[in-house]
Amino acid sequence: MTEASAATPDATPEATPAPSPAPEAALPKTYDPSGTESRWQQAWEQSGAFHPDPAAAGEPFAVVIPPPNVTGSLHMGHAFNTALIDTIVRFQRLAGKNVLCLPGTDHASIAVQTILEKQLKAEGTRKEDLGREAFLERAWAWKAQSGGTIVGQLRRLGYSVDWQRERFTLDGGCSAAVVEAFNRLHEQGLIYRGEYLVNWCPASGSAVSDLEVEMKEVDGHLWHFRYPLSDGPAAGGTTHLEVATTRPETLLGDTAVAVNPKDPRYASLVGLTLTLPLVGRQIPIVADEHVDAEFGTGCVKVTPAHDPNDFAIGQRHNLPLITVMAKDGTMNQAAGRFAGLDRFEAREAVVAAMEAEGFLVKVEPYRHSVPFSDRGKVPVEPLLSTQWFVKTEPLAARCREALDPPGGDPAQPHFVPERWSKVYRDWLTGIRDWCISRQLWWGHRIPAWFVVSETGGAITDTTPYVVARSEVEARAKAHVQFGGGTHVHPLVLEQDPDALDTWFSSGLWPFSTLGWPDAEAADLARWYPTSVLVTGFDIIFFWVARMTMMAGAFTGQMPFKDVYIHGLVRDEQNRKMSKSAGNGIDPLLLIERYGADALRFALVREVAGAGQDIRLDYDRKSDTSATVEASRNFANKLWNASRFALINLGGETPASLGEPDPTALQLADRWILSRLARVNRQTAERYGSYGLGEAAKGLYEFAWNDLCDWYLELIKRRLYVGADLDAVAREAALADQRTARQVLAKVLTELLVMLHPLMPHLSEELWHGLTAEPQGTFLALQRWPRFNSAQLDGPLEEAFAELIEAIRVVRNLRAVAGLKPSQSAPVQFISGRPELAAVLRQARADITALTRAERVEVLSPEQADAARSAAGGQRALAGVSGELQVVLPIEGLVDLDALRSRLEKDIAKADKEIAGLAGRLANPNFAGKAPPEVVAECRANLAEAEAQAQLARERLADLAD
RNA sequence: GCCCGGUUAGCUCAGCGGUAGAGCGCCUGCCUUACAAGCAGGAUGUCGCUGGUUCGAAACCGGCACCGGGCACCA
């Protein structure tokens, strides 16, 4: 099949005839994923296999992927997320749903702008020199190139997304959605503009939201300063207050000192005035609950313009706000003689001055948290600044209500694992307003126009503005409000130069990509709300909560039914992979080495405990991963199982062979069909309920252990029909061969369908090889195999497990005794259980084949005793499994010592079990209180263990002479 | 400070009330006409510590220890 399909993927899908089943010679012994994977990726995409029609039948199922940043290249986190999403989505497609999986990228405003500014700097220029327009042009050009990288890399994973619907958060549709969303929120009073203390990142020259600030422990100092009372010693002789600070430079902006109102030490001083050192400003002593009397001296300097807590104190006490720092992180004119110094230089200088003037009491080393900008990697500065904000509480309230609906309706969205809903709920409770404006150029420009003609042509904090959907609309609105248009005083508008937080547009992603705000959009009508959001826990606040808030406001419902939260992929030393640490493991390298299917399977297989981080082992010297290699080996196992089938199906396909006649089925056939049905039901259940790791493991075990290790081995003797048979025997053998072929073909093809969500390329390739379907037909678009409960046979599976165990005992005995693999030996089974004896008799030919038995006898204990006394006690290899005795009556050429030690081990094991069980049964409470069936089982086990020990002792005694 | 995870075989992890499991690794033997990326056989654990509940605990409850994460932070 490799040869046949490699030439032209699918020039004309419908017309391409089925490739003739490949002759076995054409099939290599090992699977080479490289060509196969890209071939199917192209075929799927070119045929539009994953481009759904909203009008098509089938229950809708939609996923919008978390859009990776255009700055990025594929990392393991993307690969993991993709593997999970694609597994879910491919399963739902097989399940017959009308599936949309929509891809796209995020414009990542700060990240991109930082990169571009770095480039400009290297070229010795600045964005201001370029101008806004040229800068943006350059940004788009950069995006076209870089954005293509990650998209191309996602394709290599075999992502079954609809590339025709690919979106970008800054494309026309998304931009229109952003403008509409901004306007509507503004109309509802949920967007406002004002001067507040914001997190200012001096590195990027922009405000950032609370979420983009990361607290870091830093070794700093605590400086103790003395602030003198202005009007001389107070009652009690106090001449000054001592305050402590980690940020001396801010004292230049102090407008009060606060103490706790209940602090007896300072009660009498509240209301008095201090003289601020270096500055000379008169500042009051105020009483405020926020102050912890226990900490330090119990006095806190208050700098409302440079600290959030102080800002709050300032509000409560009506304190003036004095900003002493400029937006670039240097001290401004208000800092007096320190003006112009960088904030860190100013710190040194202020301390030096305080010391020189005798206000420094002491300095102590102090470890404390400092807010850092996520992007800029520098400490953020709380600064007073006029920005745009979203009033979040009303939006959050709606989300909380959806999560805990009155009347006990199901939570929306439903988190998997459940525990993340608590994290989400907690964050939505006591949420703070969201600063959405950024002093950046790359991004969605804020749809607000300042009426600069009202303030002398410049944008000031008092310039009136209108929010509108376009400049034309803005002008009209301004006209109404400000008249204007006269020759004396023409109306001049200027759009706000700032851009919106990237996450504002990300928050609209689940519906902006489906056509919102066009309520009639076919995709929106068909696929919204989406079915599930799959993402890492690290962006629950950034993204998940923003989407639910926006969706609640604009669509009136939660944007997805389920939220499947997965963990992070960690490196071989359990470290978080990060660009800065340079410990990322390149998924593309692993794909090249092992194949995308192997990587995907490995990632999903590891995920069993949903939501847990997974560790990917990796050898950096050789760029190999044992985990992924194991999955590659599994892929190869499947390849070879299919190869075996192709060689042995006599050129037939599952379709030409048809369903097997139930009455013709042999024991092994019924067993594998029962296992198949069980795995079918179990796997569908797991895929459908986010048990992806379990699904992968279950299929792995079924494919490798049940199918390859046992079923394929068992049917070999039936598939190879000898030429030396007479006509009657030959006819029977051929009929049986056909049954085996039918079962084999059925089991293997259905297995491939079930594996398809996990290993899409390999399964597609093998499925075509087996079914000889035309190239334009895809496994990806087939139906999940029908579950046939009639095939389920629990008792048969149990009996078969015993048969397997019996064969294992024989093999073990042979190994212990040192028999050569080529050497055949007679096998005797002795069982007192007629059912087991019957199974063993039925499987006699199988046992012969699998154990190199010379002959197989199945005896009752009575028959065995008779035979033994007749033979006068005989040396034999013997073992026990349950009540079953396995005897290989063979003389000579046998390692008796090994055999003895095996029996001794058996005895020891049985004795230990006997001791445990007898102990339990001896406890009167056990018999009295445990459920009867447990007691009965215990008794049975004891009896069996005792019998086992006795049998082993007898056999050991036989060996003694 | 508050809130989540985790602690089981050398490694990565399942198991979540009836006397310990898988994969990888390891040991032994096999080029058995699908697969040496394989086959067969084998070894390996006071299930973090400590109380308790129970006839019975790796599992349930309490405490402790250690590892990891999140949130909020006192100058």
Side-chain angles (χ1 to χ4, degrees), chain A residues 24 27 29-31 215 222-224 243-247 250 257-258 290-292 294-303 307 309-310 366 368-369 417 419-420 422-423 426-427 430 537-538 540-541 567-568 570 572 574 576 594 598 605-609 611-617 626-627 629-648 693-694 697 700-701 704-705 708-709 712-713 716 720 808 811-816 818-822 850-852 912-913 916-917 919-921 923-931 933-935 937-938 941:
Chain A
E24 51 267 33
L27 274 177
K29 279 186 163 189
T30 53
Y31 170 53
M215 301 303 275
L222 195 57
W223 285 274
H224 293 250
V243 298
T245 182
T246 55
R247 305 201 51 201
T250 63
V257 165
H290 170 260
V291 180
D292 178 1
E294 306 290 309
F295 186 87
T297 58
C299 303
V300 182
K301 65 191 266 314
V302 183
T303 324
D307 181 276
N309 288 311
D310 292 5
Y366 189 62
H368 63 125
S369 301
R419 68 188 144 90
W420 290 110
K422 181 175 161 54
V423 176
D426 288 351
W427 190 74
F537 61 78
D538 49 333
I540 289 179
F541 307 144
L568 269 35
R570 314 189 80 98
E572 70 281 8
N574 207 26
K576 194 169 160 174
Y594 303 111
R605 194 181 136 97
E606 289 298 314
V607 81
Q612 230 70 286
D613 288 353
I614 63 171
R615 191 191 295 204
L616 192 66
D617 73 296
T627 307
E629 187 174 315
S631 295
R632 189 274 316 261
N633 293 350
F634 178 54
N636 193 51
K637 189 74 181 173
L638 294 165
W639 174 264
N640 274 292
S642 303
R643 200 168 145 242
F644 173 80
L646 283 173
I647 295 170
N648 289 292
E694 291 88 343
K697 284 179 200 172
Y700 181 98
E701 282 165 19
W704 203 309
N705 303 339
C708 292
D709 288 350
L712 294 190
E713 293 305 324
K716 277 179 179 172
Y720 309 150
R808 286 218 165 104
R811 285 170 170 173
N812 172 270
L813 285 173
R814 293 180 51 106
V816 167
L819 260 74
K820 289 214 173 70
S822 55
L850 296 187
T851 63
R852 293 240 171 193
K912 200 177 145 200
E913 206 177 325
L917 291 167
R920 267 166 83 188
L921 286 164
N923 183 344
N925 285 327
F926 177 67
K929 296 188 181 169
E933 62 271 22
V934 172
V935 179
E937 194 189 328
C938 194
N941 288 344

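Labels below follow one simple rule: chain letters A, B, ... track the order of the sequence lines, proteins then strands, and each chain is numbered from 1.
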[atom1] atoms of [N] and [M], separation to the nearest Å:
N: B:G69; M: B:A75; atom1: C1'; result: 28 Å
N: B:G15; M: B:G45; atom1: C1'; result: 14 Å
N: B:U54; M: B:C60; atom1: C1'; result: 10 Å
N: B:A72; M: B:G1; atom1: C1'; result: 8 Å
N: B:C47; M: B:C16; atom1: C1'; result: 12 Å
N: B:G25; M: B:G10; atom1: C1'; result: 7 Å

Selection from [options] that lies nearest to any side-chain heavy atom of [X]:
X: A:Phe541; options: B:A37, B:A34, B:G70; result: B:G70
X: A:Arg632; options: B:C73, B:C35, B:A37; result: B:A37
X: A:Ala930; options: B:C55, B:G23, B:C71; result: B:C55
X: A:Lys929; options: B:C55, B:A75, B:A34; result: B:C55
X: A:Asn636; options: B:C35, B:C4, B:G18; result: B:C35
X: A:Glu701; options: B:A22, B:A75, B:A34; result: B:A22
X: A:Gln612; options: B:G68, B:A75, B:G5; result: B:G5
X: A:Asn633; options: B:G38, B:G70, B:C13; result: B:G38
X: A:Lys697; options: B:U12, B:A75, B:C13; result: B:C13
X: A:Asp292; options: B:A34, B:A75, B:G41; result: B:A75

Does A:Asp613 reach the main-chain N or O of A:Gly567 with its side chain, forming a donor-acceptor pair under 3.5 Å?
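Not at all, since once roles are kept as given, no pair shorter than 3.5 Å links the two residues.
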Answer yes or no: is there a donor N or O on one side and an acceptor on the other, between the side chain of A:Asn640 and the main chain of A:Thr30, under 3.5 Å?
no
Strictly below 4.0 Å: does [X] bring a side-chain N or O up to OP1 or OP2 of [N]?
X: A:Tyr720; N: B:A34; answer: yes
X: A:Tyr366; N: B:A75; answer: yes
X: A:Arg615; N: B:U12; answer: yes
X: A:Lys820; N: B:A40; answer: no
X: A:Arg811; N: B:G41; answer: yes
X: A:Arg247; N: B:A75; answer: no

Distance in angstrom units between [X] [atom1] and [N] [atom2], rounded:
X: A:Lys637; N: B:C35; atom1: NZ; atom2: C1'; answer: 6 Å
X: A:Asp310; N: B:C73; atom1: CG; atom2: P; answer: 13 Å
X: A:Arg814; N: B:U32; atom1: CZ; atom2: C1'; answer: 12 Å
X: A:Leu712; N: B:U33; atom1: CG; atom2: C1'; answer: 14 Å
X: A:Phe926; N: B:U54; atom1: CZ; atom2: C1'; answer: 13 Å
X: A:Asp617; N: B:C13; atom1: CG; atom2: P; answer: 10 Å
X: A:Asp426; N: B:C4; atom1: CG; atom2: P; answer: 9 Å
X: A:Ile614; N: B:C24; atom1: CD1; atom2: P; answer: 18 Å

What's [X] touching, base or sugar-phosphate or nothing? Going by heavy atoms closer than 4.0 Å.
X: A:Val302; value: nothing
X: A:Thr246; value: sugar-phosphate
X: A:Leu917; value: base
X: A:Ser369; value: base
X: A:Cys708; value: base
X: A:Lys912; value: nothing
X: A:Val934; value: base
X: A:Trp223; value: nothing

Any chance you could measure A:Arg570, atom CZ, to A:Gln612, atom CD, to the nearest 0.5 Å?
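Between A:Arg570 CZ and A:Gln612 CD, I get 11.0 Å after rounding to 0.5 Å.
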Enter the distance from A:Asp310:CG to A:Thr303:OG1 here, rounded to the nearest 0.5 Å.
5.0 Å
Hey, is the side chain of [X] pairing donor to acceptor with the base of [N] inside 3.5 Å?
X: A:Thr627; N: B:C24; value: no
X: A:Lys29; N: B:C35; value: no
X: A:Glu713; N: B:A34; value: yes

Suppose we define a pair by two distances each less than 3.5 Å, Watson-Crick or G-U wobble; what does [N] pair with here?
N: B:U32; result: none
N: B:C16; result: none
N: B:C71; result: B:G1
N: B:C47; result: none
N: B:G25; result: none
N: B:C66; result: B:G6

Of A:Glu913 and A:Trp427, whose closest RNA chain B nucleotide lies nearer the 5' terminus?
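Comparing both residues, the 5'-ward one is A:Glu913.
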On RNA chain B, more 5' by nearest nucleotide between A:Pro931 and A:Lys422 is A:Lys422
Search all heavy atoms of A:Ala635 against all heavy atoms of A:Tyr31 and return the closest pair with its distance.
CB-CD2, 4.2 Å
Of all heavy-atom pairs between A:Pro821 and A:Arg814, which one has the smallest distance, and what is that distance?
O-NH2, 3.6 Å
For residues A:Val300 and A:Thr245, determine if any side-chain heavy atom of one lies less than 4.5 Å from a side-chain heavy atom of the other.
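Result no, sub-4.5 Å side-chain heavy-atom pair not found.
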Please walk me through it: do A:Ile540 and A:Trp427 pass side chain to side chain contact (heavy atoms under 4.5 Å, CB included)?
CA-CA 9 Å; A:Ile540 289 179; A:Trp427 190 74; over 6 Å; no
A:Glu606 and A:Leu616: CA distance, side-chain angles, deciding distance, side chain to side chain contact (heavy atoms under 4.5 Å, CB included) verdict
CA-CA 9 Å; A:Glu606 289 298 314; A:Leu616 192 66; 5.6 Å; no
Start with the C-alpha gap between A:Lys716 and A:Asn648, add the side-chain angles, then the distance that decides, and say whether side chain to side chain contact (heavy atoms under 4.5 Å, CB included) holds.
CA-CA 9 Å; A:Lys716 277 179 179 172; A:Asn648 289 292; over 6 Å; no
